[in-house]
Amino acid sequence: MKMMMGSSFPEEVLEHVFSFIERDKDRNAISTVCQSWYEIERWSRRRVFVGNCYAVSPLILIKRFPDVRCLELKGKPHFADFNLVPEGWGAYVSPWIAAASTAYPWLEEIRLKRMVISDDSLELISKSFKNFKVLVLSSCEGFSTEGLAAIAANCRNLRELDLRESEVEDLNQSSGHWLSHFPDNYTSLVSLNIACLNSEVSFTALERLVGRCPNLRTLRLNRAVPLDRLAILLRRAPQLVELGTGEASDLRPDVFSNLSGAFSGCKELKSLSGFWDVAPGYLPVVYPICPRLTSLNLSYAATIQSSDLIKLVSQCHNLQKLWVLDYIEDLGLEALAASCKDLRELRVFPSEPFGAEPNVLLTEQGLVSVSEGCPKLHSVLYFCRQMSNDALRTIARNRPNMTRFRLCIIEPRTPDYLNHQSLDVGFGAIVEHCKDLRRLSLSGLLTDRVFEYIGTYGKKLEMLSVAFAGDSDLGLHHVLSGCENLRKLEIRDCPFGDKALLANAAKLETMRSLWMSSCSVSFGACKLLGQKMPRLNVEVIDERGPPGSRPESCPVEKLYIYRTISGQRFDMPGFVWTKDENSALGLS
Amino acid sequence: MERSVNYGGNDLNLEATELRLGLPGSDEHEKQSYLSVRISNKRASPEVAEESSSLSNSNVSDARNGDQDSAPPAKAQVVGWPPIRSYRRNSFQQKKTEADGAGAGAGAGMYVKVSMDGAPYLRKVDLKVYKSYPMLLKALENLFKLTIGEYSEREGYNGSEFAPTYEDKDGDWMLVGDVPWDMFISTCKRLRIMKGLEARGLGCL
């Protein structure tokens with residue numbers, strides 16, 4: 001491309017202009033304007049998000065963006081959350097850390113989701129990046145408190161350490177006192193989330209840390225911190241904005257009054273979580289906070305029942321986000337609808353997901369009430385045991401602004417409980433009316449019809465989760481051919497086979513990934529797809545041994561297809577098969 | 001300590017090795033024991049790796065491929081359903097076990113890692129699926145394709161070079177089978193199948 005020398009801005013000016021542009025999509029657009037813009041943009045990109053760590057290699061990333069300060073990576077497929085991805089599948093972050101340690105000395109932030117990170121990597125991070133500020137490990141595993149000790153000891157500028165829902169090995173040998181590895185002159189902590197840690201942390205170290213960090217605004221404690229200790233921490237950090245409590249099963253009047261006093265000093269508190277095993281008698285200590293709360297996560301509070309929940313939420317007039325157990329029941333959701341007019345996001349989790357019979361009075365009605373009463377509600381995750389097309393239609397009409405709708409009817413293939421038909425038209429109404437819907441999870445009895453609706457109306461849909469649904473390949477075909485913006489598709493236990501997949505092969509290159517397990521895709525089709533589409537990795541996950549030892553028409557257990565510009569990965573375990581594996585060709 | 005489980009070959013639950021399809025309405029207990037055995041007659045090769053998580057897949061696909069008009073399948077545990085994160089499940093399990101003692105909750109999942117000396121890959125098993133030691137041991141044998149041998153109180157596991165051990169809440173490594181089953185599932189943090197001398201040493205404690 002020719003550069004118009006006379007009319008172009010100096011590089012510095014362009015760089016300054018680009019510095020106001022932050023969204024990846026916009027930055028990507030800028031980089032395609034011309035060669036010089038591409039160059040300026042790539043040198044000035046500071047924040048990179050890699051949605052699939054195998055879609056690109058560290059080398060390619062570094063080559064294109066030489067000065068990244070914030071790196072975000074995602075690893076395993078979403079269904080790994082539900083134990084559908086065997087241990088050892090991959091998503092190891094160490095090659096990325098190793099590469100970044102030399103290429104990005106000024107790296108400040110690392111955010112990982114569903115990845116495996118070792119203590120060695122944590123130590124390397126702590127020693128390689130002098131200005132390291134933010135470490136977020138979301139649903140990660142592979143590390144222990146030893147690694148955390150290294151981070152604490154060496155990251156002088158650390159602001160944020162967030163271990164949300166990761167699996168951390170508590171090494172008793174390191175005496176659980178990794179917290180005491182923060183030096184005495186370390187004062188920059190802003191956010192600490194250790195809610196996932198199972199065993200005790202040294203309370204003295206915690207108290208001293210909290211006391212000397214004046215900018216601390218987020219503190220999510222783990223279960224092992226009892227309420228009487230919490231009061232001490234709150235008095236040390238009355239400036240907290242977000243708090244996660246530990247457990248509190250014994251109701252003691254002295255603890256109660258101490259805690260009340262402590263909470264009354266916290267004038268900035270806007271978000272609460274934790275509440276494991278909390279004796280309901282303690283709840284009044286947070287009543288003064290309720291009017292200011294915008295976020296409340298009670299989804300682990302298995303001891304708080306409907307009436308206490310109602311008392312609580314009725315005072316939270318500014319609530320925007322609520323995560324709660326189904327103990328809230330329809331009545332509680334009605335109260336929520338009446339009191340919380342600013343509600344944007346609701347998640348209702350099942351208290352007894354494996355029970356055969358309902359244990360609470362929570363039905364589709366609760367969701368309908370909230371959809372009626374909360375005009376800003378746009379994000380829903382709802383577990384229940386019955387649903388009707390009428391209810392879904394009502395919800396759709398009430399909330400055309402819905403962007404995320406995830407419904408899980410606990411028993412697979414449950415029909416409309418009123419007329420015993422499929423829920424096709426109900427979900428059809430959702431996709432038809434909610435024109436900005438980006439994420440959808442289906443459940444209940446569903447035929448190919450629902451996929452026809454989704455393909456027809458789901459034009460903005462980016463992520464779709466399907467389980468125990470559909471009749472034939474036509475269902476899959478509707479989705480792949482109709483949903484123009486589809487990025488992630490995950491399917492389990494559906495009768496989808498080779499035809500739809502092969503007919504829509506090109507579509508797969510426009511998506512981040514496709515997961516299919518317990519479906520009817522044959523190994524032969526997987527091989528063919530892998531051969532025809534070099535920019536896709538077609539991974540067959542099968543623990544029964546080499547697919548070559550079975551007929552090619554035999555369906556595979558699990559299938560994960562993703563686009564990539566770095567070819568086959570080299571860290572595949574023995575139960576992952578691709579077209580290149582010798583064993584996949586029948587040799588054992 | 002009172003022993004609530006018995007070992008020795010003649011006490012093994014032979015139904016666990018019976019290969020048959022679970023029909024709707026079949027006995028709940030039988031359903032559970034059936035789940036721990038792979039239906040190998042569906043696969044071309046008899047020598048297939050057996051893994052407990054895939055079992056439920058075949059269970060579900062059996063239900064699907066079977067007679068469409070039959071009654072809905074009996075309540076078997078389908079892997080990964082309902083879609084609740086194991087993090088959340090294990091949180092509940094902790095609470096329920098503490099509350100109910102030996103009662104054990106409504107069947108929430110309880111995933112623990114299983115490693116075997118010499119094997120490169122870890123597995124995860126859901127302890128709640130197995131109602132007894134023989135079932136768990138059988139599943140481990142299938143998972144890693146080995147024989148564990150017979151247990152005796154005095155001599156540990158005889159008859160093979162493998163011994164199943166577990167790490168409990170206090171961080172101690174114990175031989176699987178030393179404590180009653182209910183106590184085991186509430187204290188077991190992870191499993192390790194030891195091999196060779198180490199295994200024999202443990203058995204002789």
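Each chain gets a letter, A, B and so on, in the order the sequences are listed, and its residues count up from 1.
Scanning both residues, B/R85 and A/S139, for their nearest heavy atoms gives NH2-OG, 2.9 Å. Residues A/N83 and B/V79 share a closest heavy-atom pair of O-CG1, 4.0 Å. A/C408 and B/P82 make their closest contact through SG-CB, 4.2 Å (heavy atoms, listed as atom of the first residue, atom of the second, distance).
Between atom CZ of residue B/R88 and atom CZ of residue A/F349 there is a gap of 3.5 Å, rounded to the nearest 0.5 Å.
Side-chain atoms of B/P83 and A/D81, non-hydrogen and from C-beta on, never get closer than 4.5 Å to each other.
Contact check on A/E167 versus B/K113 returns a salt bridge, with a Lys/Arg side-chain nitrogen under 4.0 Å from an Asp/Glu carboxylate oxygen.
Distance alone, capped at 3.5 Å, places no donor-acceptor pair between the B/W81 side chain and the A/F82 backbone.
The greatest number of non-hydrogen atom pairs below 4.5 Å with chain B, out of A/P86, A/C196, A/S465, is found for A/C196.
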Note to self: Assess the residue pair A/N198 and B/K169 against the criterion (side-chain contact (heavy atoms from CB on, under 4.5 Å)); give the C-alpha distance rounded to whole Å, side-chain angles, the decisive distance to 0.1 Å, and a yes or no.
What the structure shows: CA-CA 11 Å; A/N198 285 323; B/K169 279 206 169 102; over 6 Å; no
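When heavy atoms are compared at a cutoff of 4.5 Å, A/F383 approaches chain B solely by way of its side chain, counted from C-beta outward.
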